[in-house]
Structures are given as C-alpha cells and as structure tokens.
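Just so we're on the same page: letters track the sequence lines, and every chain starts at 1.
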Protein chains: 2
Amino acid sequence: MEEQITRSFNIPAEATLEVIGGKWKLLILCHLNCGPGPKRTSELKKAIPDITQKMLIQQLRELEEDGIITRTVYNQVPPKVVYEMSELGNSLQFILDQLGEWGEQYIRRREWKSSCSEG
Amino acid sequence: MEEQITRSFNIPAEATLEVIGGKWKLLILCHLNCGPGPKRTSELKKAIPDITQKMLIQQLRELEEDGIITRTVYNQVPPKVVYEMSELGNSLQFILDQLGEWGEQYIRRREWKSSCSEG
DNA sequence: CTGAATCCTAAGTGATACTG
DNA sequence: CAGTATCACTTAGGATTCAG
C-alpha cells in the first residue's frame, strides 16, 4: 500500500512544479496562507466549493507527504483535523507570489490583445 | 478546428502554471534559454531525446500560442523552422530561476531526509 | 465531521506510420 | 526536416457510496 515512487526530474524546477502543480494545490495553499493559524477540512471545503471531497483530501495528503503542510488530528468526537503551512511550505511563499504576479500581468496582456482584435 | 478555449482561473498563479506546466515545457524553455539565438526543431529533439516528436511539436505550439516563444518558418527545401524565446518568454526567466532554486533545495532536503532514514 | 473505497470518464501521453 | 494522423495506454480527476 505504501507504494514508494521515485520521482526523477530533468531539471530541479520540475520538482517544484511536481509539488505545487496539482490542480487544486495553489488554491489550497492560498487559503492556508490567508489568515493565520490552521484550517479545518470543512473550512477548506467551504472556501473551495467546487472541489470534491476526494480531491481535497488527496491534494492535502500529497502536500503533506511533500512536507509543504502539516496535518494535525485531534482525537475527539466529532473528529477534528487541521492543516497548516509548514516551514517548508512557508518557503514557497515567495515563489507563489511571483507566480501570481506574472499571472496577473499575463492575464491583463491577453485581455488587452483580445480587446484589440475585437475593434 | 480553431477551437477557442476560454480558460478561467481562481487565482492568477494558476494561469502561470497553465503556461509553463506542460510536461516538457520547462525543459524546452531551458534549452531555448541556454545559448543565444533560435533553435531548430531537430536541435531541440536532439537536446531532449526522450521526448516524442509529437509531444515536442505539441508543447512548442502551446508555448507559441501562449506567446512565450516565437516560431519562424523558412520557406526552403529542406524545411527549416526555428523557435526562440519571445519578450514575454524572457519575462519568465526570473520565475524559472526561482523554481529551479527552490527545487534544488527541495531535492537536497529530501536526499538528506532519506539518508537519515537509512540509518 | 473526516475521509476511505469504488467505479468511471476524460484528458494526457506515447508508439508508429505517413505526408510535403 | 518538420509536421500530421491514428491508435493504444496511462493517469488524473470526479461521482458516488460507505465507515469511524
């Protein structure tokens, strides 16, 4: 069950994308970043309504395995599980910001181009 | 044939990943960056032996459509097509570097952790 | 509330053969 | 040399159901 996958990359940058490239991971990290403190599973689900429960858990697990976030379980009824950015996760912050900035510029540029072709 | 896809993103950073997230795109951009001037299709194929011709062309097309690279066709026999980073592509350089740096650190960290568990 | 398990589809990828 | 077309395969992602 513990199928250990050895991932190899041609260039280091690919390792980074492997970590943050999941379909919902940016969004999840984004929500874990906004506001301090850990977030409950249900909070994340509420914050990202379009994600299925399966994908939410799956992406969270991958982020956890990659050491980006931490998962804390409270043994109580009803169950309570919270996720939080790890130190390694916080080291991603700068890259996340850069990705966001470039993306903004890119989107603006495309809107500008398409508005021209409409003329 | 010209199927126009409207891509929507929850956060701008996702747009960036959409552009550079293709399986071979980082590698292609990497090779277009190393050394000045444009690269021929066959040069890229030689530089990235594992990629199939289909994937090479496909990823190049997507990069071109996204404005990251330029494609120049010389009308001659035998055909000659060269690809080159565009201005927009060059604006990616910083992010590419950051992704690489973080990836390096991440890989080192994982090697360190696995060497510990080997005991 | 959290999340595991199953089944299913769509998309991505690859091998191969073919065209100008 | 550069690119297309087709088929086969793998995988990510999603709907649903069940469990502690």
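Each end of the helix from dC1(C)-dG20(D) to dG20(C)-dC1(D) yields a helix axis from five base pairs, and these two axes differ in direction by 40° (to the nearest 10 degrees).
Glu104(B) pairs by the salt bridge (Lys or Arg N to Asp or Glu O under 4.0 Å) definition with Arg108(B), not counting sequence neighbours. For the salt bridge (Lys or Arg N to Asp or Glu O under 4.0 Å) test, no residue two or more places apart in sequence or in another chain qualifies with Arg40(B). Taking the side-chain contact (heavy atoms from CB on, under 4.5 Å) definition, one finds that Pro79(A) meets it with nothing, sequence neighbours left out. With sequence neighbours excluded, no residue forms a salt bridge (Lys or Arg N to Asp or Glu O under 4.0 Å) with Arg71(B).
Annotation: proximity of residues 70-83 of chain B to DNA chain C (heavy atom, distance under 4.0 Å) is found for Pro79(B), numbered in ascending order. Listed in residue order, the members of residues 25-47 of chain B having a heavy atom less than 4.0 Å from DNA chain D are Arg40(B), Thr41(B), Ser42(B).
For Glu62(A) and dA12(D), the CD to P distance is 8 Å, given to the nearest whole Å. dC18(D) atom P lies 15 Å from atom CD of Gln53(A), rounded to whole Å. The distance between atom CG of Leu17(B) and atom C1' of dA12(D), rounded to the nearest whole Å, is 16 Å. Rounded to whole Å, atom P of dA2(D) lies 15 Å from atom CD of Glu64(B). Going from atom CG of Leu56(B) over to atom P of dT16(C) covers 18 Å, rounded to whole Å. Summarising the geometry, the separation between CD on Glu18(A) and P on dT11(D) is reported as 13 Å, rounded to the nearest angstrom. Rounded to whole angstrom, the span from the CZ atom of Arg61(A) across to the P atom of dG13(D) amounts to 17 Å.
In this structure, the separation between CZ on Phe9(A) and OG1 on Thr16(A) is 8.5 Å, given to the nearest 0.5 Å.
Residue Glu84(B) is tested with Thr70(B), Leu32(B), Ile69(B) for a side-chain contact (heavy atoms from CB on, under 4.5 Å); the sole match is Thr70(B).
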For residues 87-96 of chain A, which side-chain N or O atoms pair as donor and acceptor with protein atoms under 3.5 Å away, sequence neighbours left out?
| residue | atom | partner | partner atom | Å |
| --- | --- | --- | --- | --- |
| Asn90(A) | ND2 | Ser86(A) | O | 3.3 |
| Ser91(A) | OG | Leu88(A) | O | 2.5 |
| Ser91(A) | OG | Trp102(B) | NE1 | 3.0 |
| Gln93(A) | OE1 | Asn33(A) | ND2 | 2.8 |
| Gln93(A) | NE2 | Asp97(A) | OD1 | 3.1 |

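Taking Ile, Leu, Val, Met, Phe, Trp and Tyr as hydrophobic and joining them when side-chain heavy atoms fall under 4.5 Å apart, one finds Val82(A) in a cluster with Tyr74(A). Other residues sharing the hydrophobic cluster of Ile57(A), ordered by chain and number and joined by side-chain separations under 4.5 Å: none, the residue standing alone.
Residue Ile20(B) comes nearest to Leu17(A) through the heavy atom pair O-CD1, 3.7 Å, listed as atom of the first residue, atom of the second, then distance.
The side chain to side chain donor-acceptor pair (under 3.5 Å) analysis of residues 43-62 of chain B, with sequence neighbours excluded, yields the pairs Lys25(B)-Glu62(B).
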Look for any protein N or O under 3.5 Å of an N or O in nucleotides 10-15 of chain C and output each such pair with its distance, or none.
| residue | atom | partner | partner atom | Å |
| --- | --- | --- | --- | --- |
| dT13(C) | O3' | Lys23(B) | NZ | 3.3 |
| dG14(C) | OP1 | Lys23(B) | NZ | 2.8 |
| dG14(C) | OP2 | Trp24(B) | NE1 | 3.3 |
| dG14(C) | N7 | Lys54(B) | NZ | 3.1 |
| dG14(C) | O6 | Lys54(B) | NZ | 2.3 |

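Connection of Val73(A) to Leu63(A) is established within a shared hydrophobic cluster, with ILVMFWY side chains joined at heavy-atom distances below 4.5 Å, either directly or through further cluster members.
Side-chain atoms of Glu18(B) never come within 3.5 Å of backbone atoms of Glu14(B) as a donor-acceptor pair (strictly under, hydrogens ignored).
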